[in-house]
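Reviewing the structure listed below.
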Amino acid sequence: MLATERESLRHEIAELAEKYEHKRDGMMPVLEAVQEKYHCVSDFAMQEVARQLGVFPTEVYGVVSFYSFLSTEPRGKFAIRLCRTLSCDFAGKREVARQLENELEIKFGETTPDGLFSLEYCNCLGMCDHGPALLVNNDVYTEVSPELVSDILEKYRRMFGPASQLEEKEASHA
Amino acid sequence: MASVIHIMERYEAGSGLKKALAMSRTDVIRQIRESGIRGRGGAGFPTAVKWNLCAVAQSPKKFIVCNADEGEPGTFKDRLLLTERPEVLLDGITIGGYAIGARLGVIYLRAEYAYMKPGLEAALAARRENKLLGKKVLGKDFDFDIEIRMGAGAYVCGEETALIESLEGSRGEPRNRPPYPVNTGLVGAPTAVNNVETLIACAQILVKGPDWFKKLGTDVSTGSKLLSISGDCRRPGVYEVGFGTSLKDILKLVEGEGAKAVQVGGASGRTVPAKQFGRKLGFEDLATGGSVIVIGPQRDMLGVAENFLEFFVEESCGQCTPCREGNPKLLEGVRLLKRGKCSVGYLRELQNLGRTMQAASKCGLGQSSANAFLDITEHFRSEILGRVPATKE
């Protein structure tokens, strides 16, 4: 990590901690904000959070490793979470899972080499009446079928991918 | 039979709160007691008793926490309430806060529902504008505000003491009880932790009275219950039924007749086979936080058990041995059964292990994680023994 990046992360964590008056109960919101921006809570970030909240780094690690939405390893810019619970399973989760792996060319638990997508299972998303369901970051998708998978991914790829603005304009006139 | 609209009835924002603030704290709790309402999260603790214990506890600080960590597999009624009825919920939290003497309410919202946060924040802002929150609520001598805190993906945080640990910035590991949160909760202060549906029902009770609430339900389980119904039925969704409704009637309602089993209460609930569909929902028989999963005749019951046990292996917090070590053993057993490699003697050992987990685990997660395994191995013996696995492609 570049020294300047470290400095800015240090600064951001200090600001976040300030918001919660450097109290221990600010731990979750601070970690959630770091995770959201950097797609992981790095060793350096954990040490900084510990310093700012006045706890041991091991305690911060204990928290980060406990919650499934926090991670010490970088996740993709877009974290895809497919619901693995029974109702979504009945509704065809397995086929959606297979197609996600095909489109992304990674397995569950992995991140694409360009860092754009990570793929994992999660437990009940509370969309059991409209399964199969998945989350892309905070966006929820329901009644996902294998043929919808590539459309969903395309939407996010366009935000960062090589597609040019001219191409978008052309498409909007079509 | 039709689906009833009871606690989902129309409600004017602030109407319950206005009534509550015109009464003494004791009278508010008396109204709730007369309604006989019990916690809608599944455990069924009488709400009035909880509030009263909090109210009489001597402490300069008290909290009310809304448990919006709806994580039980197959439950989604809070999703509907949080998006469609936020004004009633916020009224309910404020009423509860007034009743117990709290100045701050906290909504613990699960990470999976992060997309609901902007809507809830907007509802909170509108309430501050309308003097339903803030200093001197509705001009009365009552200061109260509500804050939203996010979970980060841990099922066990639905357990109230684990939820409090999480709010305090720790791993969501359940505490020993007693002491109960009503005495020693958030930062050691008396804390009432209530389910979303409970708080909404309480707001409605304040407006419409305890007798309106008791029109539905049974003597032991008063009122209605929101059910989240999914699985093999033609009309899945959220339904409101009176307590005491039988599974047979529920299956008719959702057009799920022909099911071979119904999972009541989610992964931690009971697996009810078809021959017991006459059983009724309620705290006297089938308690549920609202999850009802219909299992059609084409499904493999071992697949059901495997799905739930994978869930518990992942979500066990690892604190106590019966749950941490027991769940992987049961999962391994289910996989042996699937491959047709389990003797009746070994199955009996596993069932004993399951019963030990029920008795010896520290919190509700471990105590209930063996339920589905025990039910399925008891009721579906003919289906699970002597499997000949399909040959590999």
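Lettering follows sequence order; numbering is per chain, from 1.
Other residues, nucleotides and ligands place no more than 12 heavy atoms under 6.0 Å from the CG atom of A:Asp43. More than 12 non-hydrogen atoms from other residues, nucleotides or ligands lie less than 6.0 angstrom from CZ of B:Arg299. A 6.0 Å sphere centred on NE2 of A:His22 holds more than 12 heavy atoms belonging to other residues, nucleotides or ligands. Heavy-atom contacts from other residues, nucleotides or ligands closer than 6.0 Å to OH of A:Tyr61 number 12 or fewer. At most 12 heavy atoms of other shown residues, nucleotides or ligands fall within 6.0 angstrom of atom NZ in B:Lys61. Residue B:Gln298 qualifies as enclosed at atom CD: its count of foreign heavy atoms under 6.0 Å is above 12. In this structure, B:Glu257 places its CD atom where more than 12 heavy-atom neighbours from other residues, nucleotides or ligands lie under 6.0 Å away.
In terms of heavy atoms, A:Gly62 sits closest to B:Arg171 at O-NH1, 2.8 Å. Of all heavy-atom pairs between B:Gly74 and A:Cys128, the closest is CA-SG, 3.4 Å. For the pair A:Leu125 and B:Arg110, the tightest heavy-atom approach, listed with the atom from each and the gap, is C-NH1, 3.7 Å. The two atoms that bring A:Ser68 and B:Gly153 nearest to each other are OG-O, 2.8 Å, heavy atoms only. Here the closest heavy-atom approach between residue B:Cys317 and residue A:Phe66 is recorded as CB-CE1, 3.8 Å. In terms of heavy-atom proximity, B:Gly231 sits nearest to A:Ser87 at N-OG, 4.0 Å.
The distance from the CG atom of A:Asn137 to the OH atom of B:Tyr115 is 14.5 Å, given to the nearest 0.5 Å. For the atom pair CD of B:Glu314 and OH of A:Tyr121, the computed distance is 11.5 Å after rounding to the nearest 0.5 Å. One distance of note links OG1 of A:Thr85 with CZ of B:Phe308; it measures 8.5 Å at 0.5 Å rounding.
Between chain A and the residues B:Leu80, B:Asp232, B:Ile229, the most heavy-atom pairs under 4.5 angstrom are made by B:Asp232. Options A:Lys23, A:Met27, A:Glu32, A:Arg81 differ in how many heavy-atom pairs under 4.5 Å they form with chain B, and the most are formed by A:Glu32. Counting heavy-atom pairs closer than 4.5 Å to chain A, the top-ranked of the candidates B:Gly303, B:Ser228, B:Gly172 is B:Gly172. When the candidates B:Pro236, B:Ala152, B:Ala154, B:Pro73 are compared by the number of heavy-atom contacts under 4.5 Å with chain A, B:Ala152 comes out ahead. Of all the listed residues (B:Val156, B:Asp78, B:Ile293), the one sharing the greatest number of non-hydrogen pairs under 4.5 Å with chain A is B:Ile293.
For the pair B:Ser170 and A:Arg24, the minimum side-chain heavy-atom distance is below 4.5 Å. For the pair A:Asn123/B:Tyr155, no side-chain contact is recorded, criterion being any heavy-atom separation below 4.5 Å from C-beta on. Looking at heavy atoms from C-beta onward, B:Arg79 lies in side-chain contact with A:Asp129 at the 4.5 angstrom threshold. In this structure, B:Arg149 and A:Asp25 have side chains that are in contact, with non-hydrogen atoms separated by less than 4.5 Å. You'll find the side chain of A:Phe90 stays beyond 4.5 Å of the side chain of B:Asn307, heavy atoms only.
With a 4.5 Å cut-off on non-hydrogen atoms, B:Gln263 does not touch chain A at all. Heavy atoms of B:Val187 lying under 4.5 Å from chain A are absent altogether. There is no contact between B:Ser291 and chain A, counting heavy-atom distances below 4.5 Å. Only the backbone of B:Leu167 comes within less than 4.5 Å of a heavy atom in chain A; its side chain stays farther off. Using a 4.5 Å cut-off between heavy atoms, B:Phe311 contacts chain A through both its backbone and its side chain. Heavy-atom distances place both the backbone and the side chain of B:Ile295 under 4.5 Å from chain A.
We find that A:Arg84 and B:Glu310 are joined by a salt bridge, their nearest charged nitrogen and carboxylate oxygen being less than 4.0 Å apart.
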